[in-house]
Amino acid sequence: MTVSSNKLNVHALLWQDEQLHVLDQRQLPETVRYDIYTEAGDIAEAIRSMRVRGAPAIGIAAAYAVALSVKMHFQEGGQSWQDKVFADIVVLAASRPTAVNLFWALSFMQDKLASLEGNPVDEMLQHAADIHEQDIAANKKMGALGAEILADAKGLLTHCNAGALATGGYGTALGVIRSAVAIMPRDVFAGETRPWLQGARLTVWELAEDDIAATLIADSAAATLMKSGQIDWIIVGADRIAANGDVANKIGTYSLAVLAKHHSVKLMVVAPTSTIDFAMDDGSQIEIEQRDASEFLPDCYATEDSLVGAWNPVFDVTPAELISVIVTERGAVFNPVETGVSELNKDD
Ligand code: MRU
């Protein structure tokens, strides 16, 4: 079935009446509930607790948080309102470590704060809205470019959720899938993405909301699916891309990349240039977030004297040599192992 590529039914973040409305992704797919935020510290907590997640969406939420901080502290008055905003930026920066979009957005907003020309509140709110809007525009560009690269490939597998829920809208990996199914029917598979189940809870829900059929697989079925010949491309997003093309993304991406190599399946990484850490030489330097064992350890083992523990790194690094193409809004880099991605470090 062919569907329109312009439908945008799913919003992780909505800016309304000078408040940030955040879809609580922990409650999907059963409950669609937006919480309303007006304070930066509360938005930092929403990021930490994964009400909002996905690298670009985290960056956009943080940008709105800085703008709300300016609104609150500037309107309170006093000489030291900027110091209070900087203190909020520090809290926001400590919310999650791996997605570079968070630090990119905070540094962008901090630069704007240092060069204000007019009313601080209006200016900073406008900058946050611009980041949001530019992210959607970048996703649409990447969607078209990625779909062109896929040509008539039929079988697509994605991992985690790199969709509208993880971005300002439309999505990165799911943006490519949206654009690709608008051209011709494809068989879309989604890995469940243990332990947090972004694939099972978020990706298939988001695709269904957009009338795109998808087949969910257990992560452990990926090798057998690839061996069956049903997959031409794996399409994923990214949390941080190093200058040499190594990619940090949701835990399990590296496993899929190794399997893809063995089965001659191609791997496409889709991410805006705000996800590239041009100052980082290679992926070995990327901080990998470790989350609490309680995210998947059965309660009966969560005692102090338990012999059973759990190791819960939530991202991994896929080396550039396993990646076929990195798609950004500034263009695509094929075989990134040969050149890295530094050529994308330019203004549009
Ligand atoms: O822990 P999460 O859900 O924030 O991790 C999200 C991912 O790993 C996504 O693949 C990545 O952020 C890209 S989102 C466009």
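In listed order, ligands and their atoms are each counted from 1.
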>> For Glu39 and Lys71: C-alpha separation, side-chain torsions, deciding distance, then whether salt bridge (charged side-chain N to carboxylate O under 4.0 Å, His left out) applies.
In response: CA-CA 9 Å; Glu39 292 194 22; Lys71 183 168 187 252; over 6 Å; no
> If you group Ile, Leu, Val, Met, Phe, Trp and Tyr by side-chain heavy-atom gaps below 4.5 Å, do Phe74 and Leu92 land in one group?
Replying inline: yes
> Taking the six-membered ring of Trp196, is NZ or CZ of Arg201 closer than 6.0 Å to its centre and within 45° of its axis?
Replying inline: yes
Are there any protein N or O atoms under 3.5 Å from the N or O atoms of ligand 1? List them with distances, or say none.
residue, atom, partner, partner atom, Å
ligand 1, 1 (O), Arg96, NH1, 3.4
ligand 1, 1 (O), Arg96, NH2, 2.9
ligand 1, 1 (O), Lys250, NZ, 2.7
ligand 1, 3 (O), Arg53, NE, 2.8
ligand 1, 3 (O), Arg53, NH2, 3.2
ligand 1, 3 (O), Gln198, NE2, 2.9
ligand 1, 4 (O), Gly54, N, 2.9
ligand 1, 4 (O), Arg96, NH1, 2.8
ligand 1, 8 (O), Asp239, OD1, 2.8
ligand 1, 8 (O), Asn249, OD1, 3.2
ligand 1, 8 (O), Lys250, N, 3.3
ligand 1, 10 (O), Asn249, OD1, 2.7
ligand 1, 12 (O), Ala55, N, 2.8
ligand 1, 12 (O), Asp239, OD1, 3.1
ligand 1, 12 (O), Asp239, OD2, 3.0

> Are Arg194 and Asp219 within salt-bridge range, i.e. N to O under 4.0 Å?
Replying inline: no
>> If hydrophobic clusters are built by linking Ile, Leu, Val, Met, Phe, Trp and Tyr wherever their side-chain heavy atoms come under 4.5 Å apart, do Phe103 and Met50 end up in the same one?
In response: no
>> Before you tell me yes or no, could you show the steps for Asp232 and Lys266 under salt bridge (charged side-chain N to carboxylate O under 4.0 Å, His left out), namely the whole-Å CA-CA distance, both residues' side-chain angles and the distance that decides it to 0.1 Å?
In response: CA-CA 6 Å; Asp232 301 302; Lys266 291 188 267 274; over 6 Å; no
